[in-house]
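Okay, so here's the structure we're looking at.
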Amino acid sequence: MILFVLTGTCGAGKSTIIKELGSCLDGAAYCCMDSDDVGLNWWDYAGTDHESQYADDCLKAAVRLADDKHVVFGTCMNPLDYFTKHTAPESIEATFFIALSASGAIIEQRLKERPAERDFTTPESRQPHIEYEEWFTRNGSKFQLFIDTSAQTPLETADIIAQHILKWS
């Protein structure tokens, strides 16, 4: 099983692109899902002594739900954390990171448009995500694939990603 991690900050387009990828890739070979699809709630982990366990539990759930298919998984996790802080399930033979990016202004706008319960209602709540976006942009060349979603449609972005996934698997 190959894991394709579609990563980026909140508002980069991960969930939107995951939905598009579901129609671009063969469902018999690939399972496309977002961390929101695995049935775990971040708020059950936030502020606890096992906060970092959320990512491990999400990965385990994604692999279980994929049922031996390759996993295309949307999450905010970055490669540094994946390789140093988390334990990937044994069935994952290889991992590729695909980073999505957008300008700070676009991230700000996308976060403002989210429902209030997502807690992006103040500039202070959005600022860490804009800073995380800046980290992705600075480190873009270190990813197997880095895409700025600012000026592309979700389908255009999904097509680019699907071509790379097919090449890598």
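What's counted below: heavy atoms across the whole structure, side chains too, no hydrogens, waters or symmetry copies.
- To the nearest 0.5 Å, the span separating CG on D57 from OG on S35 amounts to 12.5 Å.
- Using modelled atom types, one side-chain atom of T7 and one backbone atom of T75 make a donor-acceptor pair closer than 3.5 Å.
- For E90, the CD atom sits in a loose shell: 12 or fewer heavy atoms of surrounding residues, nucleotides or ligands are nearer than 6.0 Å.
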Can Q163 and I160 be said to form a side chain to side chain contact (heavy atoms under 4.5 Å, CB included), step by step? CA-CA 5 Å; Q163 290 174 27; I160 292 166; 5.7 Å; no

Ring pair (Phe, Tyr, Trp, His ring centres under 6.0 Å) between H164 and F96, intermediate numbers included: CA-CA 10 Å; H164 282 274; F96 293 89; over 10 Å; no

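- In this structure a side-chain-to-backbone donor-acceptor pair under 3.5 Å is present from D56 to T87.
- Interatomic distance, SG of C76 versus CH2 of W42, reported as 10.0 Å (0.5 Å rounding).
- Although no hydrogens or angles enter the test, the distance criterion places a donor-acceptor pair under 3.5 Å between the side chain of T149 and the main chain of S101.
- Sparse packing is recorded around NZ of K19, with 12 or fewer heavy atoms of other residues, nucleotides or ligands lying under 6.0 Å away.
- The distance from the CD1 atom of I165 to the CG atom of D26 is 12.5 Å, given to the nearest 0.5 Å.
- To the nearest 0.5 angstrom, Q53 atom CD is 5.5 Å from K60 atom NZ.
- With hydrogens and angles disregarded, no donor-acceptor distance shorter than 3.5 Å links the side chain of E51 to the backbone of A46.
- Remark: S91 OG to I2 CD1 distance equals 12.0 Å, nearest 0.5 Å.
- In the model, Y30 has a side-chain atom that pairs as donor or acceptor with a side-chain atom of S169 under 3.5 Å.
- The distance from atom CD1 of I161 to atom CD1 of I18, rounded to the nearest 0.5 Å, is 8.0 Å.
- Of the N and O atoms on the side chains of E20 and T16, not one donor lies less than 3.5 Å from an acceptor on the other residue.
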Evaluate the side-chain hydrogen bond (donor to acceptor under 3.5 Å, both in side chains) criterion for residues S15 and D34: first the C-alpha distance (whole Å), next the side-chain angles of each, then the deciding distance (0.1 Å), finally the verdict. CA-CA 6 Å; S15 298; D34 190 86; 2.8 Å; yes

